[in-house]
Amino acid sequence: MKKIEAVIKPFKLEEVKAALHEIGLQGITVTEARGFGRQKGHAELYRGAEYVVDLLPKVKIELVVDDGLVERAVETIQQTAHTGRIGDGKIFVLSLEEAIRIRTGERGPNAL
């Protein structure tokens with residue numbers, strides 16, 4: 001099993017959710033986040049004063065998938081979240097030792 005974490009632009013969330021659902025994946029966790037990478041934020045004007053917005057709004061998606069679906073899930077997120085502009089985000093794939101469904105006690109892939 002692998003845990004996939006993706007940090008994407010907020011306006012891409014619905015598209016990514018729909019695409020993951022289309023390939024048969026269900027069960028994701030979404031967290032609103034703020035951060036920056038190479039883009040390091042940007043300057044804005046407010047009532048004539050310039051200020052720097054260095055933590056930009058992002059969305060973090062987390063999902064756990066069976067090993068056989070990892071590549072397909074990553075490709076789906078990458079293609080759907082892509083805009084071609086700086087700040088599109090990142091995808092991280094982590095090994096997962098165990099998953100346990102609290103309600104039934106099922107473990108491993110059955111808990112997904």
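Residue indices begin at 1 and follow the sequence shown.
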> Do Ile61 and Leu69 land in one hydrophobic cluster if side-chain heavy atoms of ILVMFWY residues count as linked below 4.5 Å?
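Cluster IDs for Ile61 and Leu69 match.
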> Going only through I, L, V, M, F, W and Y residues with side-chain contacts under 4.5 Å, is there a path from Ile4 to Ile28?
yes
> Quick one: does Lys12's side chain get under 4.5 Å of Thr83's, heavy atoms only?
yes
> To the closest 0.5 Å, what do you measure between CZ (Arg72) and CG (Leu25)?
8.0 Å
> What's the separation between atom CG in Leu55 and atom CZ in Arg34, rounded to the nearest 0.5 Å?
5.0 Å
> What closest approach, in Å, do Leu112 and Ala99 show between heavy atoms, and which atom pair accounts for it?
CD2-CB, 4.2 Å
> Determine whether a donor-acceptor pair (N or O, by modelled atom type, separation under 3.5 Å) exists between the side chain of Arg101 and the backbone of Arg107.
no
> Are Val16 and Val74 connected, step by step, through hydrophobic side chains (Ile, Leu, Val, Met, Phe, Trp, Tyr) whose heavy atoms are closer than 4.5 Å?
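As far as the 4.5 Å side-chain criterion goes, Val74 and Val16 are connected within one cluster.
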> When you check the gap from the basic side-chain N to the acidic O, do Glu14 and Lys17 get nearer than 4.0 Å?
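Salt bridge between Glu14 and Lys17, a charged N being under 4.0 Å from a carboxylate O: yes.
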> Under 4.5 Å between side-chain heavy atoms, counting indirect links through other Ile/Leu/Val/Met/Phe/Trp/Tyr residues: same cluster for Val65 and Leu20 or not?
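Val65 and Leu20: one cluster.
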> On a heavy-atom basis, which atom in Lys58 and which in Lys9 lie closest, and how many Å separate them?
NZ-CG, 4.4 Å
> Find the distance between CD1 (Ile91) and CD1 (Ile8) and round it off to the nearest 0.5 Å.
9.0 Å
> How close do Glu106 and Ala111 get, heavy atom to heavy atom, and via which atoms?
O-CB, 3.4 Å
> Looking at Thr31 and Glu62, what are the two nearest heavy atoms and their distance?
OG1-OE1, 4.0 Å
> Does Glu98, at its CD atom, have more than 12 non-hydrogen atoms belonging to other residues, nucleotides or ligands within less than 6.0 Å?
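Atom CD in Glu98 is packed in, count exceeds 12.
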> Can you check side-chain contact (heavy atoms from CB on, under 4.5 Å) on Val93 and Lys2, steps first, answer last?
CA-CA 7 Å; Val93 179; Lys2 302 283 189 216; 4.1 Å; yes
> Using the rule given for salt bridge (charged side-chain N to carboxylate O under 4.0 Å, His left out), can you reason through Glu5 versus Lys3, listing the C-alpha separation, both sets of side-chain angles and the distance that settles it, and then say yes or no?
CA-CA 7 Å; Glu5 294 182 2; Lys3 179 179 183 182; 3.3 Å; yes
> If I take atom CG from residue Asp88 and atom CZ from residue Arg85, how far apart are they, to the nearest 0.5 angstrom?
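Here the interatomic distance stands at 7.5 Å.
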> If hydrophobic clusters are built from ILVMFWY residues whose side chains come within less than 4.5 Å, do Val70 and Val7 share one?
no
> Drop me the distance from Leu94's CG to Glu97's CD, to the nearest 0.5 angstrom.
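Here the interatomic distance stands at 12.0 Å.
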> Could you check whether any side-chain N or O of Asp67 sits under 3.5 Å from a backbone N or O of Met1, counting only pairs where one atom can act as donor and the other as acceptor?
yes
> Could you report the tightest heavy-atom contact between Val59 and Pro10, atom names first, then the distance?
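Smallest heavy-atom distance, with atoms named: CG2-CA, 3.5 Å.
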> More than 12 heavy atoms of other residues, nucleotides or ligands under 6.0 Å from CD of Gln78: is that the case?
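Incorrect, the count does not exceed 12.
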> Nearest 0.5 Å please: distance from the NZ atom of Lys90 over to the CD1 atom of Ile77.
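Reported to 0.5 Å precision, the distance equals 15.0 Å.
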